[in-house]
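What follows is a short report on a single structure.
Residue indices begin at 1 and follow the sequence shown. Remember, it's 1-based here, ligands and their atoms both numbered in the order they're listed.
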Amino acid sequence: MTDTTPEPPAGRAIIRRMVVTATPQVRHDWSVEEVEAVLAQPFADLLHLAQTTHRAHFEPTVIEGAILSSIKTGACPEDCAYCPQSAVHLTGLTPEPLLDTAVIVEQARAAKANGATRFCMGAAWRAPNDRQLESVAETVDAVGALGMETCVTLGMLTGPQAERLAEVGLDFYNHNLDTSPEFYGEIITTRTYADRLETLEHCRDAGLRLCTGGIVGMGESRRDRAGLLVELATLEPHPESVPINLLIKVPGTPLAEVDDLDGLELVRTIAAARVLMPTTVVRLSAGRAAMSDELQALCFQAGANSIFLGDKLLTADNAGDDADGELLGRLGMTVATEPVRPRLG
Ligand code: SAM
Ligand code: DTB
Ligand code: SF4
């Protein structure tokens, strides 16, 4: 009898082979062409791969909850085109100096009571000086003592500064690559891609875990999104956390009027991040306030397993606890009560 089952298109077979080798053996040698092929698969195939990979390493109904605090706001000398905190853009933001440790610790206590396992502190600096770094180190020490995971994002770090943060027990350093090396110059001119990679190297050398991702929806191409994912997935080891931010279009920034990204492209980017970095916690980060419940649900289905809780990110609005509680309830999902880690193997 003749077998009438149609052969899958050649591209699908190649992608399946690529992914089979990616799970459980984690790869660090992805090319932009390979990742473009992963992103370009039929949506159902990509989501199936992402969900299979996700379930192999994580509990699919549990989501990490982090809370952000802007510990030093605005007046940043960098010119990042997306950022409301850049002094170069007139966004009407009121700058605020570095908060006292006692104030930040109170915020962390409230975040813990609100169900967050990680407290993330962001400062609008190009790079902290040693006095500023020391103040943050004291704060990290105090927040860690509450039994929360700590993360800070302070801009560029020197090697000794990264070591000091490791010494006080910092769990994660957040420093994003933002976009592909090719598109980067359209977004930031005041520091280079190489500067960013150097800070990541200092953090790794100091033994810190990385929270490193980027932003989509800035007018980049799919190839740029593939380029960003390649930069992340060729880091060895992969970042333990990868935040995928959807651009929040802030009036007064150069990207305020950029065209909306197709939501399904966001889902594809998250699914590809999950496939390429199977044991990484992928955060559906900024931009959820503007997303439908259905789009967020698809992002979770694609392997996103972390969100920021609360009404506020650093300066912009976040989805908020009421909306999140309702959505997670409808999806049968819960916020993790312990730090989220991949299963071994
Ligand atoms: N100044 C530090 C730095 O840039 O490394 C830390 C703070 S900065 C606000 C942290 C990250 O927030 C950026 O790398 C960017 O990915 C994200 N971000 C800033 N503004 C955003 C926006 N309007 N929409 C989405 N993400 C944004
Ligand atoms: C990250 O990747 N996203 C967070 C966190 N790391 C520091 C910040 C999002 C900022 C969104 C714009 C704002 O609130 O100002
Ligand atoms: Fe400054 Fe960070 Fe905003 Fe860039 S993203 S302008 S470095 S606060």
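Nearest protein neighbour of atom 3 (Fe) of ligand 3, counting heavy atoms only, is Cys83 SG, 2.3 Å. Closest to atom 6 (C) of ligand 1 among all protein heavy atoms lies Thr153 OG1, 3.0 Å. Ranking the protein heavy atoms by distance from atom 20 (N) of ligand 1 puts Tyr82 CD1, 3.3 Å first. Closest protein heavy atom to atom 4 (Fe) of ligand 3: Cys80 SG, 2.3 Å. Atom 3 (C) of ligand 1 has Arg191 NH2, 3.7 Å as its closest protein atom, hydrogens excluded (heavy atom only). At the shortest separation from atom 10 (C) of ligand 2 among protein heavy atoms lies Leu314 CD1, 4.1 Å. Taking atom 4 (C) of ligand 2 as the reference point, the nearest protein heavy-atom neighbour is Phe308 CE1, 3.8 Å. Ranking protein heavy atoms by distance to atom 27 (C) of ligand 1, first place goes to Ile215 CD1, 3.8 Å.
Note: Ile67 CD1 to Leu313 CG = 11.0 Å, rounded to the nearest 0.5 Å. Taken to the nearest 0.5 Å, the OG1 atom of Thr53 stands 9.0 Å off from the NE2 atom of His48. Summarising the geometry, atom CH2 belonging to Trp125 is positioned 4.5 Å from atom CD belonging to Gln132; distances are rounded to the nearest 0.5 Å. For the atom pair OG1 (Thr179) and CG (Leu228), the distance works out to 6.0 Å, reported to the nearest 0.5 Å. From Thr192, atom OG1 reaches atom CD of Glu198 across 8.0 Å, with rounding to the nearest 0.5 Å. Rounding to the nearest 0.5 Å places OG1 of Thr150 at 5.5 Å from CE of Met121.
Side-chain atoms of Thr189 and Asp79 include a donor-acceptor pair closer than 3.5 Å. Looking only at atom types and distance, the side chain of Glu78 has a donor-acceptor partner in the side chain of Thr190 under 3.5 Å away. Using modelled atom types, one finds a donor on one side chain and an acceptor on the other under 3.5 Å when comparing Asp130 with Gln161. Donor-acceptor pairing under 3.5 Å is recorded for the side chains of His54 and Arg274. Between Thr234 and Arg27, the side chains place no donor N or O within less than 3.5 Å of an acceptor N or O (distance only, hydrogens not considered).
When heavy-atom distances to ligand 2 are checked against a 4.0 Å cut-off, Ser285 comes that close only through its side chain, counted from C-beta outward. Contacts of Thr315 with ligand 2, taken as heavy-atom pairs under 4.0 Å, involve both backbone and side chain. Here Ala123 has backbone heavy atoms under 4.0 Å from ligand 1, and that is the only part of it that gets that close. Contacts between Cys211 and ligand 2, counted as non-hydrogen atom pairs separated by less than 4.0 Å, are absent for every part of the residue. Using a 4.0 Å cut-off between heavy atoms, Asn245 contacts ligand 2 through its side chain alone, with no backbone atom that close. Residue Asn174 touches ligand 2 through its side chain alone, judged by heavy-atom distances below 4.0 Å. Contacts with ligand 1 closer than 4.0 Å are made by heavy atoms of both the backbone and the side chain of Ile248.
Ligand-side atoms of ligand 1 in range of Leu246: 25 (C), range being under 4.0 angstrom from any heavy atom. For ligand 2, the atoms sitting less than 4.0 Å from at least one non-hydrogen atom of Pro243 are 2 (O), numbered in the order shown with element in parentheses. Distances below 4.0 Å separate heavy atoms of Ala124 from the following atoms of ligand 3: 8 (S). Listed by atom number, the atoms of ligand 2 under 4.0 Å from Ala316 heavy atoms are 13 (C), 14 (O), 15 (O). Ligand-side atoms of ligand 1 in range of His175: 5 (O), range being under 4.0 angstrom from any heavy atom. Taking a cut-off of under 4.0 Å to the non-hydrogen atoms of Leu313, the atoms of ligand 2 that pass are 14 (O). Close approach to Ala286 involves these atoms of ligand 1, each under 4.0 Å from a residue heavy atom: 25 (C), 26 (N). Interface atoms of ligand 2 facing Thr153, defined by a heavy-atom separation under 4.0 Å, are 7 (C). Against a heavy-atom cut-off of under 4.0 Å, Leu314 is close to the following atoms of ligand 1: 9 (C). Residue-ligand proximity, Asn176 to ligand 2, at heavy-atom distances under 4.0 Å covers atoms 1 (C), 2 (O). Near Cys76, meaning under 4.0 Å from one of its heavy atoms, ligand 3 places the atoms 1 (Fe), 6 (S), 7 (S), 8 (S). Atoms of ligand 1 lying under 4.0 Å from any heavy atom of Trp125, numbered from 1 in the order shown and given with element: 1 (N).
Between the Asn305 side chain and the Val282 main chain, a donor and an acceptor come within less than 3.5 Å of each other.
Nearest heavy atoms, Leu170 versus Leu208: O-CD2, 3.4 Å. Between Pro77 and Arg126, the shortest heavy-atom contact is CG-CB, 3.9 Å.
Pro84 counts as a contact of ligand 2, since one of its heavy atoms falls under 4.0 Å from the ligand. Heavy-atom distances between Gly287 and ligand 1 stay at or above 4.0 Å for every pair.
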Please report the C-alpha distance between Arg204 and Glu201 in whole Å, then the side-chain angles of each, then the deciding distance to 0.1 Å, and finally whether the salt bridge (Lys or Arg N to Asp or Glu O under 4.0 Å) criterion is met.
-> CA-CA 5 Å; Arg204 278 303 191 203; Glu201 214 174 295; over 6 Å; no
Candidate pair Thr212 and Asn176, rule side-chain hydrogen bond (donor to acceptor under 3.5 Å, both in side chains), full reasoning | CA-CA 5 Å; Thr212 301; Asn176 290 335; 5.5 Å; no
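In this structure, Arg268 fails the cation-pi test against Phe43, since its NZ or CZ atom is not both closer than 6.0 Å to the six-membered ring centre and inside 45 degrees of the ring normal. By the 6.0 Å and 45° rule, Arg283 stacks over the aromatic ring of Phe308.
Here's the thing with Asn174: none of its N/O atoms is less than 3.5 angstrom from an N/O atom of ligand 1. The shortest N or O to N or O distance between Asp178 and ligand 1 is below 3.5 Å.
Note: Tyr193 and Tyr184 have perpendicular aromatic rings, judged against thresholds of 30 and 60 degrees for the angle between ring planes.
Within 4.0 Å of atom 12 (O) of ligand 1, not a single protein heavy atom is present.
Of the candidates Arg191, His89, Gln85, Lys72, the one placing a heavy atom closest to atom 7 (S) of ligand 3 is Arg191.
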